[in-house]
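Below: one structure, written as structure tokens.
Any value given below was found using the heavy atoms of this structure, including those in side chains, with hydrogens, waters and symmetry copies removed. The shown structure was predicted, so the numbers you read here are calculated from the model rather than taken from an experiment.
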Amino acid sequence: QVQLVESGGGLVQAGGSLRLPCAASGRTFNRYAMGWVRQAPGKEGEFVGAISWSGTSTYYIGSVKGRFTISRDNAKNTVYLQMNSLEPEDTAVYSCAAARSLLLPKNKVEYEYWGQGTQVTVSS
């Protein structure tokens with residue numbers, strides 16, 4: 001079992017940056033691929049991106065590619081979502097998720113464990 005806790009959300013102006021850490025419990029963090037999903041009010045959850053268990057492979061959806069970066073520190077059981085050049089359309093609750101996989105799952109349905117999420121609000 002993996003428990004995930006996100007932090008780092010808040011209010012930021014358009015063009016600004018935020019970094020969201022996601023801390024994981026358990027001794028087998030490095031066996032999990034990690035993903036990030038966001039949900040805006042009134043919309044379905046959107047898979048934002050993922051990082052492989054080793055950190056050597058990443059995936060991003062088109063709308064965040066070049067602006068968002070996912071990284072991980074397996075020694076600290078933490079995955080990060082660095083968000084730059086934020087836009088009002090990025091406003092959402094951001095959640096991290098874990099999938100026990102040696103591959104790079106690119107669909108939210110492949111993830112088994114979820115955090116509660118942290119609110120990110122981007123003002124124009």
Side-chain angles (χ1 to χ4, degrees):
Q1 185 120 9
V2 177
Q3 292 185 324
L4 305 171
V5 179
E6 305 91 340
S7 60
L11 174 64
V12 62
Q13 288 189 331
S17 298
L18 280 175
R19 188 176 80 150
L20 307 182
C22 169
S25 65
R27 294 176 292 178
T28 59
F29 176 71
N30 61 2
R31 299 180 186 177
Y32 288 83
M34 300 297 294
W36 285 92
V37 174
R38 66 184 180 184
Q39 185 160 19
K43 295 185 178 181
E44 288 191 12
E46 179 181 44
F47 190 76
V48 173
I51 188 166
S52 62
W53 67 274
S54 63
T56 56
S57 298
T58 54
Y59 165 78
Y60 305 95
I61 59 172
S63 60
V64 308
K65 195 174 294 185
R67 300 189 298 123
F68 289 13
T69 302
I70 300 173
S71 61
R72 66 190 295 161
D73 185 337
N74 286 344
K76 295 182 178 180
N77 279 16
T78 303
V79 63
Y80 303 94
L81 177 63
Q82 176 68 45
M83 304 185 293
N84 299 328
S85 302
L86 282 162
E87 304 168 353
E89 293 75 21
D90 296 317
T91 294
V93 174
Y94 284 73
S95 300
C96 64
R100 183 152 184 162
S101 174
L102 297 180
L103 302 177
L104 187 60
K106 300 176 182 177
N107 191 307
K108 59 185 179 182
V109 300
E110 299 180 78
Y111 288 78
E112 306 158 64
Y113 302 103
W114 293 81
Q116 291 297 311
T118 185
Q119 176 71 47
V120 172
T121 303
V122 185
S123 63
S124 57

> What's the shortest heavy-atom distance between L18 and L86, and which atoms?
Replying inline: N-CD1, 3.9 Å
>> Which heavy atom of A50 sits nearest to which heavy atom of P105, and what is that distance?
In response: CB-O, 3.7 Å
> Can you tell me how far OG of S7 sits from CG of L20, rounded to the nearest 0.5 angstrom?
Replying inline: 7.5 Å
> Is there a path of hydrophobic side-chain contacts, each under 4.5 Å between heavy atoms of I, L, V, M, F, W or Y residues, that connects V64 with V93?
Replying inline: no
> Can you tell me how far OG of S25 sits from CG of L4, rounded to the nearest 0.5 angstrom?
Replying inline: 7.0 Å
> Does the side chain of C96 come within less than 4.5 Å of L81's, by heavy atoms?
Replying inline: no
>> I'd like to know if the side chain of S124 and the backbone of P88 have a donor-acceptor N/O pair within less than 3.5 Å.
In response: no
> Can you name the closest pair of heavy atoms from Y32 and A98 and give their distance?
Replying inline: CD2-CB, 3.8 Å
> Between CG of N30 and CG of D73, what distance do you get to the nearest 0.5 Å?
Replying inline: 11.5 Å
>> Keeping N107 on the side-chain end and F47 on the backbone end, is there a donor-acceptor pair under 3.5 Å?
In response: no
> Hey, is CD on Q116 packed in by over 12 heavy atoms from elsewhere, all under 6.0 Å?
Replying inline: no
>> Tell me whether Q82 at atom CD has more than 12 heavy atoms from other residues, nucleotides or ligands lying less than 6.0 Å away.
In response: yes
> Does V5 belong to the same Ile/Leu/Val/Met/Phe/Trp/Tyr cluster as V37, with side-chain heavy atoms less than 4.5 Å apart forming each link?
Replying inline: no
> Hey, are the side chains of E112 and V2 touching, using non-hydrogen atoms and a 4.5 Å cut-off?
Replying inline: no
> With distance as the sole test, does R72 use its side chain to make a donor-acceptor pair with the main-chain N or O of A33 at under 3.5 Å?
Replying inline: no
> Roughly how far, to the nearest 0.5 Å, is the CZ atom of F68 from the CZ atom of R19?
Replying inline: 15.0 Å
> Got D90 and M83 here, is their nearest side-chain heavy-atom distance under 4.5 Å?
Replying inline: no
> Quick check: does any side chain N or O of T78 sit under 3.5 Å from a backbone N or O of K76, one acting as donor and the other as acceptor?
Replying inline: yes
> Looking only at heavy atoms, what is the nearest atom pair of G35 and Y111, with distance?
Replying inline: N-CE2, 3.5 Å
>> Is the shortest side-chain heavy-atom distance between Q119 and T91 below 4.5 Å?
In response: yes
> Sequence neighbours excluded, which residues qualify as side chain to side chain contact (heavy atoms under 4.5 Å, CB included) partners of S85?
Replying inline: R67
>> Test side-chain contact (heavy atoms from CB on, under 4.5 Å) on W36 and I51; report intermediate values, then the result.
In response: CA-CA 9 Å; W36 285 92; I51 188 166; over 6 Å; no
>> Using every non-hydrogen atom in the two residues, find where V79 and F29 come nearest and quote the distance to one decimal.
In response: N-CZ, 4.2 Å
> Are the side chain of K108 and the backbone N or O of G45 linked by a donor-acceptor pair below 3.5 Å?
Replying inline: yes
> Is it true that M34 and L104 fall in one hydrophobic cluster, defined by side-chain heavy atoms closer than 4.5 Å?
Replying inline: yes
> In terms of hydrophobic clusters joined by side-chain contacts under 4.5 Å, are Y113 and Y94 together?
Replying inline: yes
> So, E6 side chain and G117 main chain: donor-acceptor pair closer than 3.5 Å or not?
Replying inline: yes
>> Same cluster or not: W53 versus W114, using hydrophobic residues (I, L, V, M, F, W, Y) connected whenever any side-chain heavy atoms lie under 4.5 Å apart?
In response: no
> Distance-only, no hydrogens or angles: does the Y60 side chain make a donor-acceptor pair with backbone N or O of I70 under 3.5 Å?
Replying inline: yes
